J.: 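Input: one structure, supplied below.
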Amino acid sequence: MGGNASGEESDNIDWDTEDELEIQNFPLSSCSTLTNPGGEAIVCAGEASFSASPSHSKLIHHFVGMGFPEKLVAKAIEENGEGNTESILETLLTYSALENSPPQQKPVIDSDHSSSDYYENFLDEISDSDSWSEDEENTESLSDKEKTLLSLAKMGYTVEEASIAMDRCGAYLIICPDASIDEITDFLCAAQMAKAADYLLPDDEPKPKRKFFERELWKRKKQRRYEKRMMSEDSETIRLPKPMIGFGVPMESSQTFHRTLPEAAMGPPYFYYENVALAPKGVWDTIKRFLYDVEPEFVDSKYFCAAARKRGYVHNLPIDNRFPLLPLPPLTIHEALPLTRKWWPSWDTRTKLNCLQTCIGSAKLTDRIRKALEDWDGEPPLRVQKYVLDECRKWNLVWVGRNKLAPLEADEVEMLLGFPRNHTRGGGISRTDRYKSLGNSFQIDTVAYHLSVLKDLYPGGINLLSLFSGIGGAEVSLHRLGIPLKTVVSVEISEVNRNIVRGWWEQTNQKGNLIDFTDVQQLDGDRIEQLIHSVGGFDLVIGGSPCNNLAGSNRHHRDGLEGKESALFYDYFRILDLVKCIMGRQQ
DNA sequence: AGAAAGATGAACGGTTTG
DNA sequence: CAAACCGTTCATCTTTCT
């Protein structure tokens, strides 16, 4: 905000006014319709907590979130009416200019997020370099620089990266503390690229580096202008295809698909991102926008195995000449679990299981159902059938005896997802953790089908950067495809999951090198650069970031992409973008 | 034995889509 | 309106540590 008054800075970098406005308007336009929470979320991370408010107060919160005092916002809305957000913004900007003070940014982290790891880590880190009281209410007194750092840290940039870029950004960020997180991320990437260029260029030539840096920044701004234009022309949100077969599945449809990738999306490296298809509105639009405007491929794994799994995949892989893993897994419940056939009543017409989740049905529930069924000798009345079937679908119950239902065993889940038997067994993992790890994983046959095109491209094997690896779905998929794994850099926060992958790595006699990290925050620019240099570049950057705050089963914190866990998507983007930037310069 | 940490069981709606 | 959904929280039981 207040960018119009910052002419003094234009001697360094040509911030043209058009871009200033478009960046301000971008989240605004999506917010004014109140249909795209993803857009506004980039600017104010705490927005989700206001989602229940009526539209008027939501509008107020939106502008307060942008940094304007609440009184001024109320006044501006009164003057302009609720409908015209653009003129409200203009009025607010006029107020700010008159007062000759930059708007106060709302603290990015609200009380709901005060316990998040980011928050605590970040506060730890800035307290090293600056005076900091432990009183949380003092967030209000953070300097603009600290607030911007906080925003960037929330997005997954390390404090070091953000701080370096901000130092280079200089006064611009002080004048515009909150208006343009987008712009700052552009700046960060340009800075990272310039840093990568530093790496290649001799040190005694400072001028070309600066030119390079400015050119990168300009390219980024141009891309965003393009994105803006596309959004305003075609503002309809992403729809899920029906049938959900993406760019094709093995058996179904002999139809051939074609697509042309945006320039910015093309590899190397290839990338592959996964998350739940049924996310809150706007989430996939945001993901698509960050991942170089690549159209997500929505696929239901029920076309690959006996269980449904509706997922979206954003990737820049070729889509011709895919092939499935062999042998083809059982496609129906009866084939997958033959022992249930004997007890399966004719009125239970399910042929596919629903999505395999992290929790299983309780014994109390199956017992209640059994008692309800025992009242009837032959077929129960429709009412009872409906009750039983609803519970069966909700909890993925299968018939294991007369009137007797049970949740799937962990090894059955393993099989359905395409993992080797006992993949998650042993190593001291508890039964509940096993279900949890499996429920959070890829479906191997589905992912392998998409990755199969890599086999011809990399006969000698690939270097893999695997983020949020979990129990190693990506690694197992590639291995089962017969694609050798040269070096795998894997990031996974759960110790039991890391142990599972390490165990599998040894069991399968991998020839390559497995390097694991605990936290994506460890992968900052320097570390990535060092890894790329020592490994010789990554061929594939793969990852499914946490879905906790996106998934429909979450009754408490379905906060969208800004939720505590799901915000790690921004780390996927950050790291992918770093890899692209660094590798792009080495070619 | 008692505390502390870990594992299990059970109950808990709402959003989105067609 | 139906149908589906990579989940969280709390109480209680179990195991491990001191």
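In this text, all values refer to a predicted model and were calculated from it rather than measured experimentally. Below, chains carry the letters A, B, ... as their sequence lines are ordered, and counting in each starts from 1.
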J.: Quick one: list whatever passes ring pair (Phe, Tyr, Trp, His ring centres under 6.0 Å) with Tyr273(A), sequence neighbours left out.
T.: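 With sequence neighbours excluded, Tyr273(A) shows a ring pair (Phe, Tyr, Trp, His ring centres under 6.0 Å) to Phe569(A), Tyr572(A), given in chain and number order.
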
J.: Would you say that Lys564(A) contacts His557(A) through its side chain, given a criterion of any heavy-atom pair below 4.5 Å between the two side chains?
T.: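 No. Closest side-chain heavy atoms not under 4.5 Å.
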
J.: Base, sugar-phosphate, or nothing: which does Lys242(A) touch, judged by heavy atoms less than 4.0 Å apart?
T.: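 Touches sugar-phosphate only.
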
J.: Is it true that Lys394(A) and Asp390(A) make a salt bridge, defined as a side-chain N closer than 4.0 Å to a carboxylate O?
T.: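 Answer for the salt bridge query: no.
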
J.: Between Arg393(A) and His557(A), name the one whose nearest nucleotide on DNA chain C is closer to the 5' end.
T.: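 Closer to the 5' end of DNA chain C: Arg393(A).
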
J.: According to ring pair (Phe, Tyr, Trp, His ring centres under 6.0 Å), who are the partners of Phe468(A), at least two apart in sequence or on a separate chain?
T.: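 Ring pair (Phe, Tyr, Trp, His ring centres under 6.0 Å) list for Phe468(A), sorted by chain: empty.
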
J.: What are the residues of residues 353-368 of chain A, sorted by number, that bring a heavy atom to within less than 4.0 Å of DNA chain C?
T.: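 Result for residues 353-368 of chain A: Asn354(A), Cys355(A), Gln357(A), Thr358(A), Cys359(A), sorted by number.
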
J.: Could you list the residues that satisfy ring pair (Phe, Tyr, Trp, His ring centres under 6.0 Å) with His334(A), not counting sequence neighbours?
T.: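 Result, ring pair (Phe, Tyr, Trp, His ring centres under 6.0 Å) vs His334(A): Trp344(A).
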
J.: Where does the chain A footprint on DNA chain C start and end, counting 5' to 3' with a 4.0 Å heavy-atom cut-off?
T.: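 Under 4.0 Å from chain A, the extent on DNA chain C is dA3(C) to dT9(C).
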
J.: Please, which pairs that meet salt bridge (Lys or Arg N to Asp or Glu O under 4.0 Å) have at least one residue in residues 428-438 of chain A, sequence neighbours excluded?
T.: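 Sorted pair list: Glu409(A)-Arg431(A), Glu414(A)-Arg434(A).
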
J.: Using distance alone, with no hydrogens and no angle criterion, decide if Asp577(A) and Tyr292(A) have a side-chain donor and acceptor under 3.5 Å apart.
T.: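 A donor-acceptor contact under 3.5 Å links the two side chains.
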
J.: Specify the residues of residues 548-555 of chain A, ordered by number, for which at least one heavy atom lies under 4.0 angstrom from an atom of DNA chain C.
T.: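 Correct list: Asn548(A), Ala551(A), Gly552(A), Ser553(A), Asn554(A), Arg555(A).
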
J.: Verify the neighbour count for atom CD of Glu379(A): are there more than 12 heavy atoms of other residues, nucleotides or ligands below 6.0 Å?
T.: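 Enclosed: over 12 neighbouring heavy atoms sit under 6.0 Å from CD of Glu379(A).
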
J.: Going by an N to O cut-off under 4.0 Å, is there a salt bridge joining Asp285(A) and Arg289(A)?
T.: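 Judged by the 4.0 Å cut-off on N to carboxylate O distance, Asp285(A) and Arg289(A) do not form a salt bridge.
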
J.: How far does the C1' atom of dC6(C) sit from the matching atom of dG18(B), given to the nearest Å?
T.: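 These two C1' atoms come out 23 Å apart once rounded.
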
J.: Could you tell me which residues satisfy side-chain contact (heavy atoms from CB on, under 4.5 Å) with Arg393(A), sequence neighbours excluded, listed by chain and number?
T.: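 Arg393(A) satisfies side-chain contact (heavy atoms from CB on, under 4.5 Å) with Arg350(A), Asn354(A), Leu389(A) once adjacent residues are dropped.
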
J.: If you walk 5' to 3' along DNA chain B, what is the first nucleotide with an atom under 4.0 Å of a heavy atom in chain A, and what is the last?
T.: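 Nucleotide range in contact with chain A: dA7(B) to dG18(B).
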
J.: So which atom in Gly248(A) and which in Phe257(A) form the shortest heavy-atom distance, rounded to 0.1 Å?
T.: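 It is N-CE1, 3.7 Å.
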
J.: Show the nearest heavy-atom pair for residues Ala306(A) and Ile333(A), with the distance to one decimal.
T.: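 It is CB-N, 4.1 Å.
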
J.: I want to check something: taking the side chain as every heavy atom from C-beta on, are Val276(A) and Arg311(A) in contact at a cut-off of under 4.5 Å?
T.: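 A side-chain contact under 4.5 Å exists here.
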
J.: Would you indicate whether Arg425(A), at its atom CZ, is surrounded by more than 12 heavy atoms from other residues, nucleotides or ligands within a distance under 6.0 Å?
T.: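 No - once you tally the heavy atoms of other residues, nucleotides and ligands closer than 6.0 Å, there are 12 at most.
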
J.: Reckon Ser566(A) touches a base, only the sugar-phosphate, or nothing at all at heavy-atom distances under 4.0 Å?
T.: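 Touches nothing.
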
J.: What residues from residues 419-444 of chain A pass a heavy-atom cutoff of under 4.0 Å to DNA chain C?
T.: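 Only Gly439(A), Asn440(A) qualify.
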
J.: For Trp347(A), I'd like to know if atom CH2 has over 12 heavy atoms of other residues, nucleotides or ligands within 6.0 Å.
T.: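 Check passes, neighbour count above 12.
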
J.: Strictly by modelled atom types, are His479(A) and Gln510(A) linked by a side-chain donor-acceptor pair under 3.5 Å?
T.: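 Checked: His479(A)/Gln510(A) side chains pair up, N/O donor to acceptor below 3.5 Å.
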
J.: Take the C1' atoms of the five end pairs on each side of the helix from dA1(B)-dT18(C) to dC12(B)-dG7(C), get both axes, and report the angle to 10 degrees.
T.: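 It comes to 10° between the two terminal axes.
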
J.: Would you classify Lys352(A) as touching base, sugar-phosphate or nothing, given that sugar-phosphate means primed atoms plus P, OP1 and OP2, and contacts are heavy atoms under 4.0 Å?
T.: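 No contact.
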
J.: Side chains of Leu467(A) and Asp571(A): does their closest heavy-atom pair fall under 4.5 Å?
T.: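 They are not in contact (no side-chain heavy atoms under 4.5 Å apart), so the answer is no.
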
J.: Sequence neighbours left out, what passes ring pair (Phe, Tyr, Trp, His ring centres under 6.0 Å) with Tyr272(A)? Give chain and number order.
T.: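 Tyr272(A): ring pair (Phe, Tyr, Trp, His ring centres under 6.0 Å) contacts with Tyr313(A), His315(A), His450(A).
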
